[in-house]
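In this text, all values refer to a predicted model and were calculated from it rather than measured experimentally.
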Amino acid sequence: MKLNKRQEQIVEIVKNNGTITGEQIADELHLTRATLRPDLAILTMAGFLDARPRVGYFYTGKTSGRLLTENIRNLLVEDYHSMPAVVRDNMSVYDAIVTMFTEDVGTVFVVDDHSVLVGVVSRKDFLRASIGKQDLTSLPVTMMMTRMPNVTYCYINDLLVDVGKKLIEREIDALPVVKETQEGLIVIGRVTKTNITKALVTLAEKS
Ligand code: ADP
């Protein structure tokens with residue numbers, strides 16, 4: 001986060017004074033307490049300063065680099081996931097390819113008649129099917145998918161950075177977001193490399 005000149009001055013004053021009231025900061029800057037209020041609110045919300053009622057402001061010791069790292073670490077799947085593209089396990093490879101095109105995704109999740117996750121198919125799986133001599137309209141999608149329990153998935157309240165690590169370790173592009181039910185894991189979302197890129201860009205534009 002880029003601080004303006006006055007905010008930088010406030011941080012310096014607080015740093016040099018230990019704990020200091022808003023009134024005292026205003027005096028040092030020859031400004032009114034009301035004029036400073038928005039800057040103090042921003043600095044407190046951004047984590048540079050902390051405020052204790054009836055005591056005053058103090059410096060948290062956090063640099064903008066450290067605050068950015070903390071923000072990245074706290075990003076949640078919940079806030080950045082997308083809608084999943086799913087196909088039923090009785091579909092043909094041909095129909096699943098059509099779904100991949102119409103839903104404009106690179107990974108499709110395969111579910112059973114209870115919406116329970118049974119597998120995942122990606123572009124490469126379909127290419128593999130296409131270079132064979134098989135008839136794609138009669139080839140079941142289940143023949144080409146990576147099946148459970150080998151599917152890597154995540155939960156809605158997982159950290160985005162942990163999902164990123166899984167994508168890198170497993171060399172894959174997407175994970176289904178699942179919810180545990182008595183029947184099994186139900187697909188409720190999707191996290192891709194694009195979601196993680198978007199999260200980083202959003203964070204960079206906010207800071
Ligand atoms: P692409 O085929 O577009 O390169 P990926 O790199 O994601 O896409 O897929 C590579 C392989 O990993 C495929 O065989 C696919 O079935 C498998 N795969 C994709 N996503 C997952 C996942 N979440 N869990 C387990 N395997 C996966």
Side-chain angles (χ1 to χ4, degrees), residues 68-207:
L68 180 63
T69 311
E70 258 176 38
N71 284 337
I72 293 174
R73 279 210 194 107
N74 290 332
L75 296 175
L76 288 172
V77 164
E78 186 174 15
D79 299 317
Y80 293 95
H81 71 100
S82 307
M83 291 295 292
V86 295
V87 294
R88 270 292 318 278
D89 54 358
N90 57 4
M91 260 195 188
S92 67
V93 165
Y94 183 90
D95 286 336
I97 292 175
V98 172
T99 303
M100 183 177 270
F101 267 101
T102 52
E103 305 254 346
D104 195 16
V105 290
T107 309
V108 175
F109 307 121
V110 185
V111 297
D112 69 10
D113 56 343
H114 291 99
S115 302
V116 169
L117 176 67
V118 293
V120 46
V121 267
S122 72
R123 284 169 284 213
K124 232 174 282 155
D125 299 324
F126 290 148
L127 282 176
R128 200 154 34 87
S130 309
I131 55 178
K133 292 265 180 309
Q134 306 107 312
D135 171 13
L136 299 185
T137 57
S138 57
L139 184 67
V141 71
T142 47
M143 290 288 290
M144 302 314 299
M145 72 185 186
T146 299
R147 61 189 63 241
M148 287 294 267
N150 298 322
V151 176
T152 307
Y153 54 83
C154 67
Y155 298 101
I156 195 91
N157 45 11
D158 281 349
L159 295 173
L160 211 55
V161 72
D162 290 334
V163 172
K165 279 186 204 158
K166 285 184 181 171
L167 293 177
I168 294 168
E169 279 165 17
R170 314 273 155 92
E171 298 183 6
I172 49 178
D173 292 345
L175 295 191
V177 184
V178 299
K179 191 171 86 181
E180 276 172 18
T181 70
Q182 280 186 340
E183 265 138 355
L185 300 175
I186 308 282
V187 182
I188 57 167
R190 161 173 74 99
V191 184
T192 67
K193 289 177 176 172
T194 308
N195 294 111
I196 296 180
T197 310
K198 276 190 187 153
L200 286 181
V201 170
T202 310
L203 210 58
E205 283 179 346
K206 263 203 300 200
S207 54

Completion exercise
dist Ser115:OG -> Ile188:CD1 (nearest 0.5 Å) comes out at 12.0 Å

Practice task
Would you kindly say whether Asn195 and Ser82 are connected by a side-chain donor-acceptor distance under 3.5 Å?
Solution key: yes

Exercise for the section: Report the distance from atom CG of Leu159 to atom CG of Leu76, rounding to the nearest 0.5 Å. Expected result: 6.0 Å

Completion exercise
To the nearest 0.5 Å, atom CD1 of Ile172 lies from atom NZ of Lys124 at 11.0 Å

Fill in the blank from the handout: Correct closest heavy-atom pair for Leu136 and Ser130 would be CD1-OG, 3.9 Å

Completion exercise
Of all heavy-atom pairs linking Val121 and Met145, the shortest is CG1-CA, 3.5 Å

Practice task
Measure the CE-CZ distance between Met100 and Arg123 for me, rounded to the nearest 0.5 Å.
Solution key: 6.5 Å

Exercise for the section: Show your working on side-chain contact (heavy atoms from CB on, under 4.5 Å) between Val87 and Asp95 and close with a plain yes or no. Expected result: CA-CA 9 Å; Val87 294; Asp95 286 336; over 6 Å; no

Completion exercise
On a heavy-atom basis, the closest approach of Val110 and Asp89 is CG1-CA, 3.6 Å

Completion exercise
For Ala174 and Leu167 the tightest heavy-atom approach is N-CD2, 3.6 Å

Exercise for the section: Side-chain contact test, heavy atoms from C-beta onward, threshold under 4.5 Å: evaluate it for Thr194 versus Tyr80 and give yes or no. Expected result: no

Exercise for the section: Evaluate the criterion side-chain contact (heavy atoms from CB on, under 4.5 Å) for residue pair Asp112 and Glu183; output intermediate values, then yes/no. Expected result: CA-CA 11 Å; Asp112 69 10; Glu183 265 138 355; over 6 Å; no

Handout entry: Val163 vs Tyr155, side-chain contact (heavy atoms from CB on, under 4.5 Å): CA-CA, chis, key distance, verdict
Key = CA-CA 9 Å; Val163 172; Tyr155 298 101; over 6 Å; no

Handout entry: Val191 and Asp158, any side-chain heavy atoms less than 4.5 Å apart
Key = no

Problem - Donor-acceptor pair, side chain of Arg73 and main chain of Val161, under 3.5 angstrom - result: no

Problem - Nearest non-hydrogen partners of Leu75 and Ala199, listed with the distance - result: CD1-CB, 3.9 Å

Exercise for the section: Could you check if a side-chain atom of Met148 sits within less than 4.5 angstrom of a side-chain atom of Leu117, using non-hydrogen atoms only? Expected result: yes

Handout entry: Residue pair Thr107, Val120: steps toward the side-chain contact (heavy atoms from CB on, under 4.5 Å) verdict
Key = CA-CA 7 Å; Thr107 309; Val120 46; 3.3 Å; yes

Handout entry: Asp173 and Ser122, any side-chain heavy atoms less than 4.5 Å apart
Key = no

Practice task
Give, for atom CZ of Arg147 and atom OG1 of Thr142, the distance between the pair rounded to the nearest 0.5 Å.
Solution key: 6.0 Å

Practice task
For Asn150, look at atom CG and say whether over 12 heavy atoms of other residues, nucleotides or ligands are found less than 6.0 Å away.
Solution key: yes

Problem - Inter-residue atom distance Lys198.NZ - Leu160.CG, 0.5 Å rounding - result: 12.5 Å

Exercise for the section: For Val77 and Val177, work out which heavy atoms get closest and say how close. Expected result: CG1-CG2, 3.9 Å

Practice task
Without swapping roles, check the side chain of Arg190 against the backbone of Met83 for a donor-acceptor pair under 3.5 Å.
Solution key: yes

